[in-house]
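In what follows, a structure is listed as structure tokens, so that the remarks can point back to it.
The shown structure was predicted, so the numbers you read here are calculated from the model rather than taken from an experiment.
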Amino acid sequence: MIHFCMFSGHEGVLRSERKTYITIFAGCELVRPTIAKRFIATKQRGEEEVAPPPVFFLSLFAGTEIKTPTLAEEFLDLRQALDSRAFTLEEWDRAMAELPQIDISISSLTLFAGFSECELPTETEEIDALALQRHLGNITDSAGQILQYAIGQRQAERTATIRRAAVA
């Protein structure tokens, strides 16, 4: 499938499907799926297809940014998957060791443009998302306190903190 964006802007979710994004004189901001969603998608693909589907970005005179989900989104999806028994905490731990294998395969061609693949949410976005979910009662105070320590952290620190908050 092809997603074409010219002289405009696009915000959306990066899906784990074969897709081509063409951005010309425009801006494209996508948010990666949470780790729990990527893990479930990998389990659904099964053993016969090990590699995730490729995603290609062509950016000409444009800006393309792929952001990491907020800690609140990661935590809520992990809790939901564990509660629904989509996978166990032990399977999650094994998946974290194989994280590159469940990640989306991204390739790009960028000319006179900017391409950023691993942007973290801003501190304000993280705090606002945590505050909202705590206010709604979706995140307990103890889990929220733990998640706050991962703001601004990348990869291993981030996933370890999310796991610790899920167990709390």
Charged N-O contact under 4.0 Å between Lys43 and Glu91: yes
Residues forming a side chain to side chain contact (heavy atoms under 4.5 Å, CB included) with Tyr149, sequence neighbours excluded: none
Sidechain-backbone polar pair: Ser84 side chain, Ala81 backbone, donor-acceptor under 3.5 Å: yes
Rounded distance [0.5 Å steps], CZ in Phe57 versus CD1 in Ile22: 11.5 Å
Shared hydrophobic cluster for Met96 and Leu147 (ILVMFWY, side-chain gaps under 4.5 Å): yes
Quick one: side chains of residues 159-168, donor-acceptor pairs under 3.5 Å with protein atoms, not counting sequence neighbours, listed by atom name and distance.
| unit_1 | atom_1 | unit_2 | atom_2 | d |
| --- | --- | --- | --- | --- |
| Thr159 | OG1 | Gln155 | O | 3.2 |
| Thr159 | OG1 | Ala156 | O | 3.2 |
| Thr161 | OG1 | Glu157 | O | 2.7 |
| Arg163 | NE | Asp93 | OD1 | 2.7 |
| Arg163 | NE | Asp93 | OD2 | 3.4 |
| Arg163 | NH2 | Asp93 | OD2 | 3.1 |

Distance-minimising heavy-atom pair for Pro121 and Arg158: CD-NH2, 3.9 Å
Pairwise distance CZ(Arg15) to CG(Leu30) - rounded to 0.5 angstrom: 10.0 Å
Listed partners of His3 passing ring-ring contact (aromatic ring centres under 6.0 Å, His included), at least two apart: His10, Tyr21
Leu89 reachable from Ile40 in the ILVMFWY side-chain graph, under 4.5 Å edges: yes
Approximate separation, where rounding is to 0.5 Å, of Ile106 CD1 and Cys118 SG: 7.5 Å
Linked, directly or transitively: Leu130 and Ile146 (ILVMFWY side chains, under 4.5 Å): no
Pairing residues for Phe75 by the ring-ring contact (aromatic ring centres under 6.0 Å, His included) criterion, not counting sequence neighbours: none
Leu120 CG to Ile151 CD1 distance, which is reported to the nearest 0.5 Å: 11.0 Å
Single-linkage hydrophobic cluster, 4.5 Å side-chain cutoff, Ile24 and Phe112 together: yes
Ignoring hydrogens and angles, write down the donor-acceptor pairs under 3.5 Å from the side chains of residues 60-70, residues two or more places apart or on other chains.
| unit_1 | atom_1 | unit_2 | atom_2 | d |
| --- | --- | --- | --- | --- |
| Thr64 | OG1 | Ser59 | OG | 2.7 |
| Lys67 | NZ | Glu125 | OE1 | 2.8 |
| Lys67 | NZ | Glu125 | OE2 | 3.1 |
| Thr68 | OG1 | Glu119 | O | 3.4 |
| Thr70 | OG1 | Glu73 | N | 3.2 |
| Thr70 | OG1 | Glu73 | OE1 | 3.3 |

Thr110 side-chain N/O to Ala113 backbone N/O, donor-acceptor pair under 3.5 Å: no
Met6-Phe56 co-clustered via ILVMFWY side chain contacts under 4.5 Å: yes
CZ on Phe115 to SG on Cys28, rounded to 0.5 Å: 9.0 Å
Expected output: side-chain Glu126 to main-chain Leu71 donor-acceptor under 3.5 Å: yes
For Leu132, the rest of its hydrophobic cluster, which grows through side-chain links under 4.5 angstrom: Leu136
Partners meeting side chain to side chain contact (heavy atoms under 4.5 Å, CB included) with Gln80 (sequence neighbours left out): Asp77
Distance, nearest 0.5 Å, that separates CD1 of Ile2 from NZ of Lys19: 10.5 Å
By salt bridge (Lys or Arg N to Asp or Glu O under 4.0 Å) - contacts of Glu29 (at least two apart): none
Test side chain to side chain donor-acceptor pair (under 3.5 Å) applied to Thr140 - qualifying residues, sequence neighbours left out: Ser142
Side chain to side chain donor-acceptor pair (under 3.5 Å) involving Arg32 - partner list, sequence neighbours excluded: Asp103, Glu117
Residue list, side chain to side chain contact (heavy atoms under 4.5 Å, CB included) with Leu76, at least two apart or on another chain: Gln133, Asn138, Ile139
Contacts of Thr124 that satisfy side chain to side chain contact (heavy atoms under 4.5 Å, CB included) - sequence neighbours left out: Thr122, Asp128
